[in-house]
Amino acid sequence: MSQDPIQHNICHYDGHRYDDLDHRKYATDADVVIVGAGTAGGIIAYELARSGLKVVVIEAGPFWNPQSDFASDELAMATLGWQDTRLTDGQNPLRMGHNNSGRGIGGGSAHWTGVCLRFHESDFEMRSRDGIGEDWPISYADLEPYYRYIEKQIGVSGPKHFPWGSFQGPYPMPERDPISANSEVFRIGCERLGLKSVVTPLAINSAPFDGRPPCTNRGFCNQGCMPNAKYSGLVHHVPKAIEAGAEFLTDCMVTQIELDEKGRAKSVIFNYKGVEYRQRGRVIVLASFVVETPRLLLASAQNGHPDGLCNSSGTVGRYIMPHSSHDVYGRFEHEIRLYKGTPVMATTQEFYETRHDRGFLRGYTLHAHGSRPVAMAKGLAVQAGVWGRRLRDAMVHYNHYGRITLVGEVLPDAANRVTLSDERDEYGLPVPKVTFSYGDNDRKLIDHAVHMMKEILTAAGGTPEFVVPDTAHLSGGARMGDDPETSVVNHHCQTHDIPNLFICSAAVFVTSGGGNPTHTVMALAARTADTIQDLLKRQDL
Amino acid sequence: MERIKSYYQDFNVFANEDHWDDHTREIVRKRLEPTGSLQKLTGEQVDMLRNIASLLLDDGRSSLLDWVIKHIDNKLQSDIGEAQRKVGVPPFATLLKGGLYALNELAQGENGSPFTALTPEQQTSLLVALENNTVTLTAEDGQPIPPKDFFNNLLSEVVSAHYSHPQVWSEIGYAGPAYPRGYVRLEVGLSDPWEARMSKEGPER
Ligand SMILES: Cc1cc2nc3c(=O)[nH]c(=O)nc-3n(C[C@H](O)[C@H](O)[C@H](O)COP(=O)(O)OP(=O)(O)OC[C@H]3O[C@@H](n4cnc5c(N)ncnc54)[C@H](O)[C@@H]3O)c2cc1C
Ligand code: SF4
């Protein structure tokens, strides 16, 4: 095949893409309109398009071409993040943009690290087991078939045996071999402390898969994978969805959801190059992640919905959760070279489940985690206050540092939320304000994890030197639940208030879980696609 | 350009540039071009920024500072968002320009001369005061400038630019862009033949 498959699909109208939006495939008769072509949006589009439905996906960012848009460069590739300004507030204002929000086809999956972990049973049952937070309206068993389906579909690589949680392995593709020096050192440290560790399950090819090559270990996952070895919506679900008939409108920002007289969702308004267009659909799905979903709902306040759409409970925008994600750097006598290899290749979940002898509830995952110079230097300088002579001394020894990173559960708190500010953006939409503060349990968990990370580095022969406070990922803001008084969507990701309006992305998470979130986003997306298909078939929408 | 002492005296990241993809090469090469005329920063602001950056980085080499300044000027020209801005903190351009103005006033008030005429020790102690939020800054138009946010935003840009410079990559032994080639030897003690090799002499301490 001579044509670059990704490039090809930018031009999906018989080889040409109209750049005016009066030529559209399903301008008036779409079955399903999806807002956001990120991780969840791509999967839902693919599953629904191949079931024969007319699907339109509207994406605020560009249709990336990995060959000409991506680069092996940290500074230049900040463009993969959602760079529009968000106001931040609270005791621990979040770093947004490239730190947690994607934009363009693939969304966050274009620049994710590919760590592909299932949640554990306990993640869905926090209130029943620990007496805090909330339970999900679904259980691990409800998602299990979808976890399995996605793992197979995207060729997740991982160990034969996975020692934590319900899923014991094996993964569909063999685990990565070799692993990076940083990951080796991490595993040695764990072993000396009697902690189990594994080669990380990754949505990154360990062998050729589905026409895409294996990883070349160049280490730039967060800058976009150029050889297409890493799973993203951009290289997997979106091209397949287009082949199955779906239409993707890119550089189109959705600014408004419109209702009909009966109060059902009728259409969305979107902005392309300063001009407004309307897209109708029988079903509308918001797959627009954690900040933009509440923002769109709140900004769509209209007759009969003075506090925004789907907000009869007052929970739209509430209970947002990052993961705590502190990094600990340790210096080694020998070289580690943190730039080499897929950034995360070794993991432990020994501290995942609640224990009652640690002084906090819930738990965390630890990863060996590579870094390139800009991320390391900027983290040390801005988040850890290391600048001047100390920064230079550290960076001259760049190749001698190893690094471990925390992915820690953050408990849901109604005060952590997305609201609308008084400032307006270029579309005339209110700029969102994101408020976040850690709670007591969160801080105790972090202290425990930082201590363990230092222990592991020390056991491996390193000297822990720097702790860089940080967060990663985001979830919540339109949470699931059985009770319409306290949640935004039901167990099918269907909004309580408007039956033909669905929300499916990390926004529906009830709790953050003690590990990386995206496998759960993917499983939820596949499950939601099933639901929508069923309901449409039964004429129930 | 003079080189700082590091483990990697002989490594030059550009020796591998034929193995980089075109897009990346174009991006990295731009960092070496002469600054040209700046669009947004005045001569006075540039002088202050060069002083500040050399202290934040502990590196006063002129051609590296050129690129830092160019990066900040580029940022001021761009209408792309800031990703995040804390409530109560003015937009980047206002923060930077107001902050520089106020810092100079502070230098005048405390030491009787402009910031650039102070000794590095005096300059450093003012930077520490910004970092610790122990001074009050007011822009020319009377707008309050939060000192720590001014300091952190500036630090972030200066450090990001500096550690994106290929000369610095060479010195710290970072192999830089690696597409399409990638790496074959990853494990402890192994490296590919084209990567930096440690020389006998270590870095200055
Ligand atoms: C640097 C980084 C590394 C990560 N690494 C990992 C990892 O290793 N493992 C893991 O599990 N997770 C990881 N994540 C998290 C992961 O990226 C997210 O969990 C995941 O992408 C969320 O999927 P989503 O579908 O909910 O949202 P997204 O993928 O963010 O998709 C949302 C899409 O909606 C679009 N959109 C938003 N608003 C509008 C609008 N109004 N109109 C039109 N379009 C709109 C956005 O442009 C975006 O494309 C990482 C994230 C980052 C930032
Ligand atoms: S490390 Fe592998 S998966 Fe990550 S960007 Fe490079 S080639 Fe792609």
Side-chain angles (χ1 to χ4, degrees), chain A residues 67-76 79 81-89 93-99 178-181 184-185 215-220 226-227 334-337 339-341 372-374 376-378 381-382 385 387-389 391-393 395-399 433-434, chain B residues 4-8 20-24 26-28 55-59 71 80-87 91 124 127 131 152 155-156 158-164 168-169 171-191 195-196 198 203-205:
Chain A
Q67 291 306 306
S68 54
D69 293 330
F70 296 172
S72 300
D73 189 76
E74 295 180 86
L75 194 63
T79 45
W82 184 284
Q83 291 178 295
D84 291 1
T85 305
R86 275 99 173 235
L87 295 177
T88 56
D89 204 359
L94 295 174
R95 261 188 339 116
M96 304 298 296
H98 191 257
N99 184 47
I179 60 172
S180 63
E184 284 188 310
V185 158
C215 171
T216 62
N217 281 307
R218 65 190 257 280
F220 284 93
M226 295 183 77
H334 57 86
E335 292 174 309
I336 301 280
R337 301 192 188 236
Y339 57 88
K340 290 175 70 171
R372 272 130 293 285
V374 175
M376 175 164 169
K378 200 159 98 167
V382 181
W387 53 275
R389 171 53 58 90
L391 179 64
R392 188 163 98 140
D393 177 62
M395 293 309 293
V396 151
H397 293 86
Y398 167 66
N399 277 348
K433 182 170 94 170
V434 182
Chain B
I4 61 163
K5 270 199 156 182
S6 78
Y7 288 116
Y8 307 101
W20 303 351
D21 65 279
D22 295 343
H23 187 217
T24 302
E26 181 191 322
I27 289 168
V28 178
L55 294 169
L56 295 177
L57 299 167
D58 188 29
D59 195 332
H71 168 74
I80 297 173
E82 302 178 46
Q84 70 280 316
R85 171 156 43 86
K86 272 194 245 168
V87 167
T124 303
L127 294 180
E131 186 188 22
N152 273 344
L155 182 62
S156 176
V158 165
V159 167
S160 304
H162 183 74
Y163 287 98
S164 295
V168 177
W169 294 347
E171 290 169 351
I172 66 176
Y174 168 55
Y179 177 75
R181 179 157 49 180
Y183 297 100
V184 181
R185 296 164 191 81
L186 303 183
E187 301 100 310
V188 174
L190 302 184
S191 55
E195 290 183 79
M198 275 172 72
E204 61 207 27
R205 292 305 302 253

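Source: prediction; values computed, not measured.
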Stepwise side chain to side chain contact (heavy atoms under 4.5 Å, CB included) test for A:Arg392 and B:Ile4
CA-CA 10 Å; A:Arg392 188 163 98 140; B:Ile4 61 163; 3.2 Å; yes
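When each of A:Val434, A:Ile336, A:Thr79, A:Thr85 is scored by its heavy-atom pairs under 4.5 Å with chain B, the top score falls to A:Thr85. Put simply, of A:Met376, A:Lys433, A:Arg95, the one with the most heavy-atom pairs under 4.5 Å next to chain B is A:Arg95. Options B:Asp22, B:Leu56, B:Val184, B:Asn152 differ in how many heavy-atom pairs under 4.5 Å they form with chain A, and the most are formed by B:Leu56. Of the listed residues (B:Tyr163, B:Tyr8, B:Trp169), the greatest number of heavy-atom pairs within a distance under 4.5 Å of chain A belongs to B:Tyr163.
A perpendicular orientation is assigned to the rings of B:Tyr7 and A:His397, their planes being inclined by more than 60° (bins at 30° and 60°). Ring orientation note: the planes of A:Phe220 and B:Tyr174 are tilted relative to one another, at an angle of 30° to 60°.
Residues B:Val159 and A:Val382 fail the side-chain proximity criterion, which asks for heavy atoms closer than 4.5 Å. Within the 4.5 Å cutoff, the side chain of A:Arg337 has no heavy atoms near those of the B:Tyr183 side chain. Residues B:Glu131 and A:Trp387 are in side-chain contact: their nearest non-hydrogen atoms beyond the backbone lie under 4.5 Å apart. No side-chain heavy atom of B:Val168 sits less than 4.5 Å from a side-chain heavy atom of A:Pro373.
Note: B:Tyr179 OH to A:Gln67 CD = 3.5 Å, rounded to the nearest 0.5 Å. Separation of atoms CG (A:Leu391) and NE2 (B:His162) is listed at 8.0 Å; rounding is to 0.5 Å. Distance check: B:Glu82 CD to A:Thr88 OG1 gives 10.0 Å after rounding to the nearest 0.5 Å. Separating the CG atom in B:Leu57 from the CE atom in A:Met395 is a distance of 11.0 Å, to the nearest 0.5 Å. From A:Glu184, atom CD reaches atom CG of B:Leu186 across 8.5 Å, with rounding to the nearest 0.5 Å.
The two residues B:Gln84 and A:Leu94 have their closest heavy-atom pair at CG-O, 3.9 Å. Across A:Lys340 and B:Leu190, no two heavy atoms sit closer than the pair NZ-O, 3.5 Å. Considering all non-hydrogen atoms of both residues, B:Ser156 and A:Lys378 come closest at OG-CD, 3.5 Å. Closest approach of B:Ile27 and A:Ala76 over heavy atoms only: CD1-CB, 3.7 Å. Of all non-hydrogen atoms in A:Val374 and B:Ser164, the two that sit nearest each other are CG2-OG, 3.3 Å. The minimum heavy-atom distance linking A:Ser72 with B:Ala178 is given by the pair OG-N, 3.8 Å.
With a threshold of 4.5 angstrom between heavy atoms, A:Ile179 approaches chain B through N, CA, C or O but not through any side-chain atom. Heavy atoms closer than 4.5 Å to chain B are found in the side chain of A:Pro93, but not in its backbone. Residue contact with chain B, scored on non-hydrogen atoms closer than 4.5 Å, is absent for A:Asn99. Contacts between B:Val158 and chain A at a heavy-atom distance below 4.5 Å are absent for every atom of the residue.
In the model, A:Tyr398 has no side-chain atom that pairs as donor or acceptor with a side-chain atom of B:Glu171 under 3.5 Å.
When atom types are taken as modelled, the side chain of A:Gln83 and the backbone of B:Ile80 share no donor-acceptor pair closer than 3.5 angstrom. At distances below 3.5 Å, not a single donor-acceptor pair connects side-chain atoms of B:Ser6 with backbone N or O atoms of A:Val396.
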